[in-house]
Amino acid sequence: MDSKQHLYLVDGSAYIFRAYHRLPPLTNPEGTPVGAVYGYTTMLWKLAEDLNKADGPTHLAVILDASSISFRNDIYDQYKANRPPPPEDLVPQFPLIREATRAFSLPCIEEVGFEADDLIASYAREATRRGWDVTIVSSDKDLMQLVGKCAQPHDGIEGGCIDMLDTMKNQRIDIPEVIEKFGVPPEKVGDVLALMGDSVDNVPGVFGVGPKTATKLIQDYGDLESALAAAPSMKKSKLQERLIEQAEQARLSKVLVTLKEDCTLPMPLDEFRLDAIPSEPLAAFLGRHGFTSLLKRLDGGTGSPERATQLNPAKRVTAAAEGTGGSGAEGAARQPLPEWPAIDRTAYECVTTEAQLDEWIARAAAARLVAIDTETSALDAMRAELAGISLAVGPNQACYIPLGHGGSDMFAEKPQQVPIAQALARLKPLLESDAVLKVGQNIKYDINILARHGIHVAPVDDTMIVSFCLDAGRSLDGIGGGHGMDELAQRHLSHTTLTFKDICGTGKKAIPFGEVPLDRATQYAAEDADVTWRLHSQLRPRLSFEGGTRIYERVDRPLIPVVAQMERHGIKVDRDRLAGLSSQFAEAIGALEREIFAKVGQEFTIGSPKQLGDILFEKLGYKGGKKGKSGQYSTDQSVLEGLAGQGAEVATQVLEWRQLSKLRSTYTEALQAAINPATGRVHTSYSLVGAQTGRLSSTDPNLQNIPIRTEIGRQIRDCFVAEPGNVLLSADYSQIELRLAAHMADVPSLKEAFASGEDIHSRTAMEMFGTVDRDTRGRAKTINFAILYGISRWGLGGRLGVGADEAQAMIDRYFERFPGIQRYIHETLESVRAKGYSETLFGRKTWFPRVNSKNQAERQGSERAAINAPIQGTSADIIKRAMVRMGPALATAGLGHVRMLLQVHDELVFELPESDAQAAAPVIRQVMAEAALPAVSLDVPLGVEIGFGASWGAAH
DNA sequence: GGCCGAACGTA
DNA sequence: GTACGTTCGGCCC
């Protein structure tokens, strides 16, 4: 399997100038100045250390300017004409840069007539087209035009994306950082540069226009041409005159700053492949120039590039290892606390006038980044009324904008507030501006609240999800492992937040947020935004240092608006049909009750396991009672089935009673109550951080556990229906976890079986028992699932109804037939014990702080979860990738009316016009089947089964 | 009213 | 044996 390729392009020429100015002068034993060369060498060293790490390079090349003359001089002869000559002690270092690059055995690319920037742009374009990711090692502002650029998917290849790395500041530059610097997204940086010009390169720009004005013009008018076109109608000013006068000059500047992306590539990309840095000629180079500390590390110290030679993993699961060793539980990386002022709730402002509001909007726009939080009357984003919005632009720089306070009591005075319609109209451009990043804690909620007011919040970052991508499962004794704001504030800021309960009370005495007095409301709401802002600056940088960028940027972050939209769509349920089922069930429950009471000879609460246990095992004296740790008899399904086997008819009736009660209370009744009166549909809420493995979870109501297994339960699925003229389409991955296990554990016979479409459990039965019938296939199926869940002899024995010894014999047999599985389990556990976390094929981490516990039960529990997590998590990654791609794929196919409604772990449910069903099915199938590509190329096909009909039940 | 365990629905 | 969420009874304050 190929792991994701990642090309690093080092902007050597720009680096050398910066290194020269930032580092002290230094000479080698021969007396040649080498300060800048030393800086350059340590930079390459650092990059080499990241070889094959998550987000580290797999391919690396240095790009240099061959000469000072380029094709731009043909366009504009004054280009770079004003450059002062380089300092004289820098001149002799230029050739040494090439020497240093060769010492690292790295390709060094330069081409007469082109600047390094153009070659970088051209290589980046070609690499992303192939699906590679690209990191440009530079801090050159011209190159920021390329950041965030992703190649379009084509021929089944998912395009790679470009980011930058500033090694001096040790900072990743992605879209938010570019927006922060320029106030516009990367694709408009060229327009800003064209207006402001560049005195060093002698790009003329428009005289009198600097970065501030240039940014403002592009923000206001969209792009350079629009700004120039609008100039005549601007109010009279020097600026207006100059824009008109120097329009051509601005256009010329645009051409000069635009990077040429179609240079002929002097060396093919594949030759940039890098597995390790050979120690020669590097050692000789280091010695000659007196770089002794590096030489020492190369000779035997740790962390030298040479260690990379041992890091030559076959799979990404291990490739992304951070060679830290030790238990990750204790190593929970904490950024040092920044030097921020302590949280001061008296510093917050309550915004009640339009002038104040405009002031805050301007501050947020200037900051390019604003933390937001909406306060509402309820937790359900589809019903809640907006009470107010808080903003934060820096530590303690936060405000609360009340919008829906007061009014429930006709006699009380309503506090002064900006009228909600006006306030939202003012806020809308800010919240929708692609130049301003909106940061939230669970921002999906705010997205949905504001979407109901016609505001489509984007782009966004979410501190809850950043935390999840970094720290899923990472809890220590006494410190919770959750991702809620109160917990994160405690963990990362050592701050105790005001809680909702503190402000609104709880239970019956609770008051809606809109009734909280403004001073209290401001303290609570603005603090939430302040804390969110602080958490964001604390947590987000950790993503790139800890290998979380890919899963966050490519999977979880893009999923936020997709899931938000699914929640807003909701799904229609047939209320009358549910009510009919409900009374049907109620009748049957009543009849069973009467029969049970008659048999037992008394009335009691059947739903109480305590009472039921006493009656069955004390009063009626049945055998087989086992007491649990609470001292109660167990009366669960297996126990009651055992009693039924002894001829206890009452046990069978209790089982039926339980099934019907469950279906009635949890489904037929609850689902009717969940219908939103405004939309007439049921809107679940998905948690993106609900399961440690990366799966989604669903609440209020949970639509991921609607019955299907029994005939009687299946009737509930028939109550989920499409609107008239539409159908529901269900698409599910078949056996995805077993397929992933076959791939990840590299089991040839299972892979062959999947490739040829064979029945996998029959194949397992044949391997295990030499024969296939109902019995052996059933046992094989149980064993297959046991493997996925982290096998134990007792667990398997219990499930198969055999002793632990016999179960162990079957496990041994299984490992013998499928040695890859045993190897996978062993290697996974070794890795989790050493690093503290497991990883999916896409790099999602799950932490297991108890995997080295001295408590056996605790440790073994962690081990089972750790075996399961990479498989379950990879499956979750795959369906999430499919969900992110689904909307664009359907739109491209002209299927814009297809709405994705539900996700049930390996299934997606859509609602679509009946006439689209035949056309939509192949598109959906393809997106799902190819969702792992190109980041991961699986050895097994992903099967997708599709059906559609008037109801969810009929679609299966 | 709040919390916990038992039981049970799904993948 | 994995991963969840909801309901209920029972018990606490």
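In what follows, every heavy atom counts, from backbone to side chain, and hydrogens, waters and symmetry copies are set aside.
For residues 585-594 of chain A, the set of pairs meeting the side chain to side chain donor-acceptor pair (under 3.5 Å) definition, not counting sequence neighbours, comprises Glu593(A)-Trp657(A). Residue pairs meeting the salt bridge (Lys or Arg N to Asp or Glu O under 4.0 Å) criterion with at least one partner in residues 807-820 of chain A, sequence neighbours excluded, are Glu767(A)-Arg817(A), Arg813(A)-Glu816(A). Sorted by first and then second residue, the salt bridge (Lys or Arg N to Asp or Glu O under 4.0 Å) pairs with a member in residues 681-698 of chain A read Arg681(A)-Glu723(A), Arg681(A)-Glu911(A), Arg695(A)-Glu737(A); sequence neighbours excluded. Screening residues 654-673 of chain A for salt bridge (Lys or Arg N to Asp or Glu O under 4.0 Å) gives Arg664(A)-Glu669(A) as the qualifying pairs, with residues at least two apart or on separate chains.
Residue-level contact check: Ser862(A) touches neither bases nor backbone, having no heavy atom under 4.0 Å from any strand. In this structure, Leu703(A) reaches neither bases nor backbone, as no heavy-atom distance under 4.0 Å exists between it and the strands shown. Among the atoms of the strands shown, only primed sugar atoms or phosphate atoms (P, OP1, OP2) are found under 4.0 Å from some heavy atom of Arg864(A). Using a 4.0 Å heavy-atom cutoff across all strands shown, Glu737(A) reaches no nucleic acid atom at all. Counting any heavy atom pair closer than 4.0 Å across all strands shown, Ile708(A) reaches sugar-phosphate atoms only and no base atom.
The distance between atom CG of Leu788(A) and atom C1' of dT10(B), rounded to the nearest whole Å, is 16 Å. For the pair Leu908(A) CG and dT10(B) P, the computed distance is 19 Å after rounding to whole Å.
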Atom pairs under 3.5 Å, N or O on each side, protein against nucleotides 1-3 of chain B: can you list them with distances?
residue : atom : partner   : partner atom : Å
dG2(B)  : OP1  : Thr506(A) : OG1          : 2.2

How does protein reach along nucleotides 4-10 of chain C, written 5' to 3' as B (base within reach of a heavy atom under 4.0 Å), S (only sugar-phosphate), or - (no contact)? SBBSSSS
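Out of dA3(C), dG1(C), dC8(B), the shortest distance to the side chain of Gln872(A) is found at dA3(C).
With hydrogens and angles ignored, a donor-acceptor pair under 3.5 angstrom links the side chain of Arg709(A) to the base of dA11(B).
At a cut-off of 3.5 Å, with distance as the only test, no side-chain donor of Gln903(A) or Lys880(A) sits close to an acceptor on the other residue.
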